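Predicted, not measured: the structure shown is a model, and the values here were computed from it. Because only heavy atoms are used, hydrogens play no part in the values below, and waters and symmetry mates are left out as well, while side chains stay in.
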Amino acid sequence: GPAAKAQATVDKALGWLKAQQQPDGGWQAKPEEPPALTAIVLKAFVQQPGVTTKTDFVAKGYAKLLTYQLDSGGIYVDGLANYNTSIALSSLAAANDPAFKPQIDKGVAYLKGTQWTERMAGAGPKGEVVKDKANPWYGGSGYGRGGRPDASNTQVTVDALHDAGLKPDDPAFQAALQFFTRVQNRSESNDQPWAGEDGGFIYSVANKGESPAGEYVGPDGRRLLRSYGSMTYAGLKSMIYAGLTKDDPRVKAAWAWIAKNWTLDENPGMKLNSPEAATSGLYYYYHTLAKALNAYDEPVVTDAKGAKHDWRAELIDKLAASQQPDGSWAGSKRWMEDKPLLTTAYAVLALQEAAKDLKEHPAK
């Protein structure tokens with residue numbers, strides 16, 4: 001069944017990942033590679049039954065990861081400060097080791113200080129500050145302190161704060177909710193001039209709105225931005241982590257987009273920009289989709305034609321079928337998914353999410 005298939009696929013992948021560990025304990029093959037690579041692989045391991053921070057190679061990995069934590073609490077080297085710190089925090093939280101609490105607390109404080117709110121530590125590179133919720137950047141996070149905010153960095157930040165145990169009413173979640181409302185194509189709740197009506201999500205409010213899925217002109221002549229899969233699941237999940245329920249109109253609109261655009265063959269929305277873009281961020285998409293559907297807590301997605309999809313079984317089948325003989329996965333060049341280390345970690349995390357409730361929802 002799906003559970004056995006997921007387990008066999010994960011076991012093979014973890015065998016490959018273990019073999020990629022560097023002599024220094026990390027998983028970065030070159031010094032310039034981001035610590036997030038080590039963090040995301042460690043998360044895949046500690047989420048397996050029987051693997052803990054006492055497991056030799058895992059202990060070595062976390063020791064290496066923590067060498068990157070700065071006095072500020074951030075966990076990164078040169079750039080991508082929020083992204084690396086967030087992935088590292090989620091990994092430290094998944095390890096479930098009380099010894100990591102001080103490092104996690106420092107990381108949480110760092111992430112809160114880089115979120116675009118009136119509480120942000122300092123200003124942006126051009127002296128930008130966000131005084132209140134009227135500013136469209138409010139609640140977002142960018143690649144680092146002062147970086148223009150986007151839905152991808154904001155969702156990994158929200159993931160990290162959620163994994164670290166923050167409650168939905170935390171000001172950081174409520175601010176992020178404001179940001180996600182402004183990257184959703186739902187003009188009723190979104191005050192941005194490009195806001196459409198399909199309920200899906202785009203990438204950023206910066207530069208008059210940005211979407212790697214492209215833009216188009218609506219029937220009324222307005223410039224509209226195309227929603228796409230990975231950011232729509234990111235938005236849905238972040239809204240749920242911020243305490244919204246299934247009957248909130250923003251959540252309903254996101255779910256309608258997901259049902260209408262259900263697919264595991266591509267990152268939906270992307271190929272409308274260019275045919276080769278269809279698989280951009282595919283493994284990030286699988287991982288985000290699995291986490292979001294778990295958070296939304298719905299085992300079946302009913303698509304536009306009324307067909308019912310047991311997403312757990314379908315995702316497990318898809319990933320098992322696309323695994324390379326050596327246990328890894330290979331993605332497209334965009335967004336680093338040509339790095340099998342990253343792609344394989346995403347695939348394992350997606351499979352772990354898909355397998356989570358299989359006992360509670362036995363496949364019919």
For the residue pair [Y] / [X], report whether a side-chain donor-acceptor contact shorter than 3.5 Å exists.
X      : Y      : answer
Gln28  : Tyr68  : yes
Asn294 : Arg312 : yes
Ser227 : Asp198 : yes
Gln352 : Gln47  : yes
Asn267 : Ser230 : yes
Ser91  : Tyr62  : yes

Exercise for the section: Determine the minimum heavy-atom distance between Leu111 and Ala160, stating which atoms define it. Expected result: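 For Leu111 versus Ala160, the nearest heavy atoms are CD1-CB, 3.8 Å.
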_Apply the hydrophobic cluster definition, ILVMFWY joined by side-chain contacts under 4.5 Å directly or through others, and give me every member besides Val217._
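Grouped by the 4.5 Å side-chain rule, Val217 forms a cluster of one, so the answer is none.
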With sequence neighbours excluded, residues passing side chain to side chain donor-acceptor pair (under 3.5 Å) with Thr85:
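Side chain to side chain donor-acceptor pair (under 3.5 Å) list for Thr85, sorted by chain: empty.
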Apply salt bridge (Lys or Arg N to Asp or Glu O under 4.0 Å) to the pair Lys305 and Asp303, showing each step before the final yes or no.
CA-CA 5 Å; Lys305 296 182 175 133; Asp303 70 19; over 6 Å; no
Would you call [X] and [Y] a salt bridge, taking side-chain N to carboxylate O under 4.0 Å as the test?
X      : Y      : value
Lys252 : Asp247 : no
Asp159 : Lys237 : yes
Arg222 : Asp220 : yes

Practice problem: Please work out which of the three classes, parallel, tilted or perpendicular, describes the rings of Trp255 and Tyr296, given edges at 30° and 60°. | Solution: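 Parallel: the ring planes of Tyr296 and Trp255 meet at under 30°.
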(Q) Parallel, tilted or perpendicular: which one describes the rings of Tyr346 and Tyr284, with boundaries at 30° and 60°? (A)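 The rings of Tyr346 and Tyr284 stand perpendicular, inter-plane angle above 60°.
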- prompt: After noting the C-alpha distance and the side-chain angles of Asp248 and Met239, does the key distance pass the side-chain contact (heavy atoms from CB on, under 4.5 Å) rule?
  reply: CA-CA 10 Å; Asp248 186 283; Met239 285 179 163; 5.9 Å; no
### Query
Would you say Ser211's side chain and Arg226's backbone share a donor-acceptor pair under 3.5 angstrom?
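Present.
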Is the side chain of Trp116 donor-acceptor paired with the backbone N or O of Val130 at a distance under 3.5 Å, no angle test?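 No; judged by distance alone, with no hydrogens or angles, the pair does not exist.
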Can you tell me how far the OG1 atom of Thr344 sits from the CD atom of Gln20, to the nearest 0.5 Å?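 Spacing of OG1 (Thr344) from CD (Gln20) equals 8.0 Å.
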### Query
Out of curiosity, Ser328 OG to Asp326 CG, how far, rounded to the nearest 0.5 Å?
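It is 3.5 Å, given to the nearest 0.5 Å.
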**Request:** List in chain and number order the residues that pass salt bridge (Lys or Arg N to Asp or Glu O under 4.0 Å) with Glu337, two or more places apart in sequence or in another chain; answer none if no residue qualifies.
**Result:**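 By the salt bridge (Lys or Arg N to Asp or Glu O under 4.0 Å) rule, Glu337 matches no residue at all.
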Check this for me: Glu188, atom CD, are more than 12 non-hydrogen atoms of other residues, nucleotides or ligands nearer than 6.0 Å?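 No, CD of Glu188 has 12 or fewer neighbouring heavy atoms, counting only those of other groups under 6.0 Å.
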> Centre of Phe57's six-membered ring, under 6.0 Å away, within 45 degrees of the axis: is that where NZ or CZ of Lys18 sits?
Replying inline: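 That pair qualifies as a cation-pi contact.
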Original post:
Does the side chain of Asp132 reach to within under 4.5 Å of the side chain of Tyr138, using non-hydrogen atoms?
Top reply: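 No, too far: nothing below the 4.5 Å cut-off.
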